[in-house]
Structures are given as C-alpha cells and as structure tokens.
Amino acid sequence: MLTNGPRGTNDILPQEVGKWHILEGKIRAWCERYRFGEIRTPIFEHTELFLRGVGETTDIVEKEMYTFTDRGDRSITLRPEGTASTVRAFLQHKLAGQAPLQKMYYMGPMFRYDRPQAGRYRQFHQFGVEMLGSSEAIADAETIVIALDILKELGLNDLEVHINSIGCPQCRQVHKEKLMEFLGDRLSELCPDCVSRFERNPLRILDCKNKKCQAIVSDAPAVMTCLCDECRTHFEKLQSYLQKLNVKYEVDTNLVRGLDYYTKTVFEIMYSGLGAQSTVCGGGRYDGLVEECGGPSTPAVGFAMGLERVLLTLEKMDIQLAVPQGIDLFIASMGEEAQVEAFSLLHQCRAHGLKAEMDYRKRSLKAQMKQANKLGAEKVVILGEEELNKGQAIIRLMETGEQLEVELSQLTEKLKG
RNA sequence: GUGGGUGUAGCCAAACGGUUAAGGCGCUGGAUUGUGGUUCCAGUAUUCGUGGGUUCGAUUCCCAUCACUCACCCCA
C-alpha cells in the first residue's frame, strides 16, 4: 500500500521525463503556429458538468468517474476529459464576447476508473484542441490537420486517419429508426453486449468488435445514407479540404464515438500496433454541447490526443525523441578547503548559465572522474590543495584528455569559452 | 464489472520438494598512495509478492489475497 501508487497511475521519473518535455514542447509550438491559446482549467469540476457535458448514458459517466463529496457537501468529479471544462470556461468568462471564434487547447491529466491495460490508465494525459464558433467544415479540417502535423513532427507519418459523419440529431433519428428496424429481427444473433446496446445506443452496435456482429452489421444501413443535405455537403467539404492538403484518410462508415455530444464529423487517428487501445487521437464536431451546458447555440469541433498512447506508439515504432543529455562541467575537488572553493565556483558557473555538477560525498578523485564521465561532462575542473595554494585549478577536456592550468580568477571566463 | 497470464535482488533472469538461492546488467570499492571511458578483482537477496494449507521438509504443490499484465467492455 504505502510503497505502491494507486492502481492505474504512473510515476514519471526524472530519467523518462525528458521525452514528455519534448512532446509537450512540440505540441505547444504547433499550437502557437496555429494560434490555439492554452487554457488551464481545474482538475476537478462540479459533477453535474460532466453529467450534462459528457452524457448521462455514457460509460464514462455511468461507471468511470472519480466522484466524491467535498467538505462543503458538493459533489465533485475529477475531470474525465477536457471538453466539458473548456466549454464551461468559455461560457463562464463569456469568451464569445471577446471574439466570436475561439481556438483553445489544453494539456494535462484526466481521470477514469477503468480497468488498466496497455495504453489505458486511471490517470492519463490528454492534449486536446477546441474550436468554438464556426460551423464550417474548414474548422473540422483545421483540427484534424494540426493533430497530424504534430504527430508527423514526432516521426509518426503513417498513422491511419478515419473519418465519418454521424449527422445532426435529425439525421440520426432517421437512421436510428432504420437501424433498429434492420436489427430488430436479428437481435438473437447479436452478442449480449449488442443486445443491451440495442436499447441504449444502437449506433454503437456498428463498431462492435465481435465478428458475428460485424458480419450482420456489414449490411446494416449506414448513417451516411440518412444524412440530410446540410450534413452531406458538410462532410463532402471536409473531404475536399483534406484532399487539398494531401491528407490521406479513410471514410469509415462504422466509426462511432462513445461520447454523446458528437454531431456530424467524427474522426480517429489510430495505430494498429498499440493493441486494443489503437486510438491515439479521437474527436469530432459537437454543435449541441454549448447549448446543452446552458449557453447560446454555438457550433464547435475538437479532439483529444492520448499522450501515453503517443509515447507508446513512438516506442513501438522505435522512434527516440532527442532528449538532450550531458552537462557542461563537473567540478572535482579534494580536501575540505578545496570542496568549499569548488562549491562556490560551481555556484558562479551556474550563474553564468553552465549546466554544472559536483560530488557531495567527499569521494575519491577517481570516483569523481567516473561520475563526471557518466554524466557526460564536457569539462572537469580539478581542484586540490596543490592547485588551491597556487591559486589555480586544472581544466580537463574529457574528450581529448587535454589539461591546462588556469588562474582561479579567470576560471569562469575560460569555462564559458 | 468479466476472463486469461505472471509475481525470485534496482533491472533482466535461471534453478530446484531437501545442506550455503546461478548468471548478466547496474551500482559501490579496489588494481601502490590526486584523474574517467577498456580490462581485471571484490562487494551487493538470512531470502524467493503476502497470508494460510499439504508435507518429515516448500521459493518450488494447493488455496486465498494483493500487485502487475493482456483481452472483453469502453475510450485517449
């Protein structure tokens, strides 16, 4: 208990945090180019926000939320996703009044009480983008494209992009009726999960992984066939934008997403090498959500990217992020007096911007040299009593083994060069 | 929530129902007293996730429990 973190959580140790920094850095840089502004919302919200925002019948809400009552008797939930909070903040701060189109991104931990598995954790990290205020398909395209640009820069070129349209609520109603009619007499052939889905969310039967269900569903009416004119042209426009930018994608008419708020466009970026959790990035349009949360009708699109999954994909593809390593300087000292001097020197070097380290345990010179080597020090300053008495120090260039004696007063100058 | 697999040192990893639990990596120290990366030597688990049971005897067999892991479900 004491020596184990809670199930489904991970410590990111100093030796592995470097790749997170790089990943986050690249994400931020791309968001700046695309002019998405970062929004940082609280990690917990009123439970109601997610009930409304994510949807009461979703698995997330029904069985995956970390919900508790705080000391003021409020029901609080650790955020399971980022869109609801972003929309809440958008309304709370009346951002629409500042500019009719808002482009925002968030990055941080999310919480879902799932059974942990490859690429799935109880605390995990998402980066997500939201564009509020445009109903145009070009906005859908923009979100897909920024995701791809980021993944591409990381070296992930060949991920699959799946897109679909699940229509507006009207198209969906038409489709739902047709679908239920189609599946009605085949209920007995479906898997138990699908039978229960039939009542709650028949659309989800379309992406059941059960082979038998897939066979049945392959002849089922696709949402695509029920789209109204507006939804149809929206989807066509999206595709023409993607084609214009040479984005390779597949229309996957069985692609359905599990959150209630999606309308029209849905998409996923996947890497099959990840196992069961192959979706690296998923999103879509959610034109009804802002209104659902009590705001004015506002069209919006967005996606969320699972950072652990991105990192996992990089690992599977054997791609290393270039984490800088090595230090500029190691100061080795011998004797109490020299160590005091070394400490002061170290301090000065750091003030001059050098990445510098010393030994804190009075170890032998040999041990200190070994440590310097292990740390990848470019230079080592050697400071013993002899040098101290002469007012000098030795600078050793580790690569060549070349050494020179330098006056202490000139040391930091020499080291910078 | 359901099902499968695994559980030996910081990491990887053997062995075996029975005296002192291989090896490798890593780490630490040393190879004449103040110098790294190679090499060599030495040290590094009174203990085999935890708790029961079977047995003359269990790390090895059984049960439970916990943890990890994979799959279903769902999703990032």
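In what follows, every chain begins at residue 1, and chains take the letters A, B, ... in the order their sequences are listed.
- At a threshold of 4.0 angstrom between heavy atoms, the contacts of A/Glu64 are confined to the sugar-phosphate backbone, with no base atom among them.
- Residue A/Lys374 has a polar side-chain atom (N or O) positioned under 4.0 Å from OP1 or OP2 of B/C27.
- Between the CD atom of A/Glu405 and the P atom of B/G34 there is a distance of 17 Å, rounded to whole Å.
- At the heavy-atom level, A/Ala367 lies under 4.0 Å from the strands shown only through sugar-phosphate atoms.
- The CE atom of A/Met110 lies 4.0 Å from the CZ atom of A/Arg79; values are rounded to the nearest 0.5 Å.
- With a 6.0 Å cutoff to the six-membered ring centre and a 45° limit on the axis angle, A/Arg309 does not count as a cation-pi contact of A/Tyr271.
- Between A/Asp287 and A/Arg285 there is a salt bridge, since a side-chain N of the basic residue sits under 4.0 Å from a carboxylate O of the acidic one.
- Among B/A71, B/U35, B/A76, the nucleotide with an atom closest to any side-chain atom of A/Ala276 is B/A71.
- Between A/Ile76 and A/His46, the shortest heavy-atom distance links the atoms CD1-ND1, 4.3 Å.
- Between the side chain of A/Arg120 and the base of B/C70 there is no donor-acceptor pair of N/O atoms closer than 3.5 Å.
- Scanning atom types as modelled, no donor and acceptor separated by under 3.5 angstrom connect the side chain of A/Glu399 and the base of B/G36.
- Taking atom C1' in both B/U69 and B/U55, the straight-line distance is 33 Å, to the nearest Å.
- Rounded to an integer number of Å, the gap from CZ of A/Arg79 to C1' of B/A76 is 13 Å.
- No engagement by A/Gln371 is indicated, since no non-hydrogen atom pair under 4.0 Å with the nucleic acid exists.
- Going from atom OH of A/Tyr66 over to atom P of B/C75 covers 18 Å, rounded to whole Å.
- The C1' atoms of B/U44 and B/G23 are separated by 14 Å, rounded to the nearest whole Å.
- Rounded to whole Å, the separation between the P atoms of B/A45 and B/A22 comes to 11 Å.
- Both A/Met398 and A/Lys366 lie near RNA chain B, and the one whose nearest nucleotide falls closer to the 5' end is A/Lys366.
- Atom CZ of A/Phe330 and atom P of B/U35 are 15 Å apart (whole Å).
- Picking from B/U28, B/C68, B/A76 the nucleotide with the shortest atom distance to the side chain of A/Thr279 gives B/A76.
- Nucleic acid contact for A/Arg361: none, since no nucleic acid atom lies under 4.0 Å from a heavy atom of the residue.
- Distances were taken from every side-chain heavy atom of A/Gln126 (C-beta onward) to each of B/A76, B/G36, B/C70; the shortest belongs to B/A76.
- One finds no side-chain N or O of A/Arg7 lying less than 4.0 angstrom from the OP1 or OP2 phosphate oxygen of B/A67.
- Salt bridge present: A/Lys390 and A/Glu405 bring a charged side-chain N and a carboxylate O closer than 4.0 Å.
- A salt bridge does not link A/Lys103 with A/Glu130: every distance from a Lys NZ or Arg NE/NH1/NH2 to an Asp or Glu carboxylate oxygen is 4.0 Å or more.
- Contact annotation for A/Gly275: backbone-only contact, meaning every heavy-atom pair under 4.0 Å involves sugar-phosphate atoms and none involves a base.
- For A/Lys370, the listed nucleotide lying nearest its side chain is B/G36; candidates were B/U69, B/G36, B/C75.
- The pair A/Arg88-A/Glu45 meets the salt-bridge criterion, since a charged nitrogen lies less than 4.0 angstrom from a carboxylate oxygen.
- Backbone-only engagement by A/Ala118 is indicated by non-hydrogen atom pairs under 4.0 Å involving sugar-phosphate atoms exclusively.
- The P atoms of B/C73 and B/C66 are separated by 25 Å, rounded to the nearest whole Å.
- Taking only side-chain atoms of A/Gln117, from C-beta outward, the nucleotide of B/G34, B/C72, B/A76 with the closest atom is B/C72.
- Between A/Tyr121 atom OH and B/U69 atom P the separation is 7 Å, expressed in whole Å.
- Using P as the reference atom, B/U47 and B/A9 are 12 Å apart when rounded to the nearest Å.
- Contact annotation for A/Asn373: base contact, defined as any heavy-atom pair under 4.0 Å involving a base atom.
- Where A/Gly8 and A/Arg122 each meet RNA chain B at their nearest nucleotide, the meeting point lying more 5' is that of A/Gly8.
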- prompt: How would RNA chain B look in dot-bracket form, 5' to 3', counting Watson-Crick and G-U wobble pairs with both distances under 3.5 Å and writing | for bases paired to another strand?
  reply: (((((((..(((.....[....)))((((((.......))))))....(((((..]....))))))))))))....
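- At least one cation-pi condition fails for A/Arg120 and A/Phe124: the charged atom is not both under 6.0 angstrom from the six-membered ring centre and inside a 45 degree cone around its axis.
- When all heavy atoms of A/Leu101 and A/Gly133 are compared, the pair lying nearest together is CD1-C, 4.0 Å.
- Nucleotides B/U60 and B/C27 are separated by 33 Å at their P atoms, to the nearest Å.
- Side-chain atoms of A/Arg115 lie closest to B/C72 of the nucleotides B/C72, B/A76, B/G34.
- If you measure from atom OH of A/Tyr113 to atom C1' of B/C73, you get 15 Å, rounded to the nearest angstrom.
- Residue contacts for A/Glu387: at a heavy-atom cut-off of 4.0 Å it reaches a base atom on one of the strands shown.
- Remark: C1' of B/C72 and CD1 of A/Ile205 are 17 Å apart, rounded to the nearest angstrom.
- Nucleotides B/U20 and B/C25 have their C1' atoms positioned 25 Å apart, rounded to a whole Å.
- With salt bridges taken as basic N to acidic carboxylate O contacts below 4.0 Å, one links A/Lys26 and A/Glu153.
- Here the separation of B/U59 from B/G7, taken at their C1' atoms, is 12 Å to the nearest Å.
- In this structure, the CD atom of A/Gln368 is 12 Å from the P atom of B/U35, given to the nearest Å.
- Between the side chain of A/Arg396 and the base of B/G36 there is at least one donor-acceptor pair of N/O atoms closer than 3.5 Å.
- A/Glu357 and A/Arg350 are joined by a salt bridge, as a carboxylate oxygen and a charged side-chain nitrogen come within less than 4.0 angstrom of each other.
- Between the base of B/U35 and the side chain of A/Gln403 there is a donor-acceptor pair shorter than 3.5 Å.
- When distances run from any side-chain atom of A/Arg309 to the nucleotides B/A76, B/C68, B/G34, the shortest one goes to B/A76.
- Backbone-only contact: A/Val280 has heavy atoms under 4.0 Å from sugar-phosphate atoms and none from a base.
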